[in-house]
Number of protein chains: 2
Amino acid sequence: MGTFKIGQLAAAAGVGRDTIRYYERNGLLPAPDRTAAGYRLYGDVDLDRLNFIRSAQELGFTLEQARQLLTLTVSDTATAAAVLEITLAKIKEAEGRLERLSHIRDILRDLAQDCPGEAPASECPILVYLAAKRRPYQDKAMKKEPPGER
Amino acid sequence: MGTFKIGQLAAAAGVGRDTIRYYERNGLLPAPDRTAAGYRLYGDVDLDRLNFIRSAQELGFTLEQARQLLTLTVSDTATAAAVLEITLAKIKEAEGRLERLSHIRDILRDLAQDCPGEAPASECPILVYLAAKRRPYQDKAMKKEPPGER
DNA sequence: CTTGACCCTGGACCGTGGTCCAACCTGCAA
DNA sequence: TTGCAGGTTGGACCACGGTCCAGGGTCAAG
């Protein structure tokens, strides 16, 4: 407990020194006190914050979302509803990804099943599938959100 | 049929001109013939290649993998086994992601369920979860592969 | 002849989450 | 005193898959 320099905090949290400075630059950690020589000084709260961030990342939150969640934890006017909103959005996002991804897995699995090990690649149903005609592209003038599973 | 300039190919494939030049630089499309003025000239095979790439991307393949798959389709010595290998790896990858992601969704769903809409944020189980102590970090000296769902 | 649409090149820039580097300063031990 | 581990800064660089831009050339229509 007490105060650490950046290397100690980094070691305790399992991140790099640069990561801590990066978080500071991006508003995930407050600018810490400094020694006379300019060394950053941290306390247990900072370790807690780093751990919070890591937990949030493991749940798929971006750093920006982690920042928002941290703001809510220290706010004394925020209600749980704000946290719930972020979380519900994350759940929807996860479900969308799950659906797309399991669809992809199903297609790949079916194709792989029919693939004869020997035999020239040209007969492989996977390549046949990929080479199959697509409906010709029509504009829709939509931008954003490229293909892939996300 | 016949030959297009880059803008026509781009429109037909539903990608940007820059994307086509980017693919060329990265070996996904062969360097095309040029007019006397230096304009790129494409044919139907190029459209097929672009469509192949888009299909591959939709199945979650990276451009590098798409490039490998394209190489296999034109190779006359390659066997289906090589394609299968890439595909099986992709399936395993998809399954890993699915597992991690559905685990995340489950946790978020449980937390969201217990979250009281009104009430100060500090009582929200989501924030409580994120603020919970982690087992202190011990080195393991492993690098690579940060947290998150991937 | 000019206009506009299209094409060329090389290079910068985007988001995300860092990582690495040079050049310098500090604090402690031998 | 010197060495070395640690700290400081600003800025460059990584993957990935593009996107955009400036400064020029080309080509057909009016």
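Letters A, B, ... are given to chains in the order of the sequence lines, protein chains preceding strands, and every chain is numbered from 1.
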Could you pick out which residue, A/Arg25 or A/Ala37, lies toward the 5' side of DNA chain C when each is mapped onto its nearest nucleotide? A/Arg25
Counting any heavy atom closer than 4.0 Å, what does A/Thr62 reach on the DNA or RNA strands: base, sugar-phosphate only, or nothing? sugar-phosphate
Starting from P on D/dG17, measure out to CZ on B/Phe61 and report it in whole angstrom. 13 Å
The test is salt bridge (Lys or Arg N to Asp or Glu O under 4.0 Å); show your working for A/Asp46 and A/Arg49 and say whether it passes. CA-CA 5 Å; A/Asp46 299 298; A/Arg49 266 179 102 89; 5.8 Å; no
Of A/Asp18 and A/Tyr39, whose nearest nucleotide on DNA chain C comes first from the 5' end? A/Asp18
Expressed in angstrom and rounded to an integer, what is the separation of A/Ile6 atom CD1 from C/dG18 atom P? 14 Å
With respect to the side chain of B/Lys5, which nucleotide from C/dC20, C/dC7, D/dT26 is positioned closest? C/dC7
Base, sugar-phosphate, or nothing: which does B/Arg40 touch, judged by heavy atoms less than 4.0 Å apart? sugar-phosphate
Tightest non-hydrogen contact, residues A/Ala121 and B/Val83, listed as CB-CG2, 4.3 Å
Could you check which of D/dG17, D/dT8, C/dT9 has an atom nearest any side-chain atom of B/Arg34? C/dT9
Any idea which of D/dT9, C/dT19, D/dG6 is nearest the A/Thr19 side chain? C/dT19
Under 4.0 Å, heavy atoms only, any strand: does B/Arg17 hit a base, just the sugar-phosphate, or nothing? sugar-phosphate
Determine to 10° how strongly the helix from C/dC1-D/dG30 to C/dA30-D/dT1 is bent, judged from the axes of its five-pair ends. 40°
For A/Tyr22 and D/dC14, what is the distance between atoms OH and C1' respectively, to the nearest whole Å? 13 Å
Atom-pair distance (CD on B/Gln8; P on C/dC7), nearest Å: 7 Å
With distance as the sole test, does B/Lys90 use its side chain to make a donor-acceptor pair with the main-chain N or O of B/Gly60 at under 3.5 Å? yes
D/dG17 base / B/Tyr23 side chain donor-acceptor hit below 3.5 Å: no
In whole Å, what is the span from the CZ atom of B/Arg54 to the C1' atom of D/dG17? 14 Å
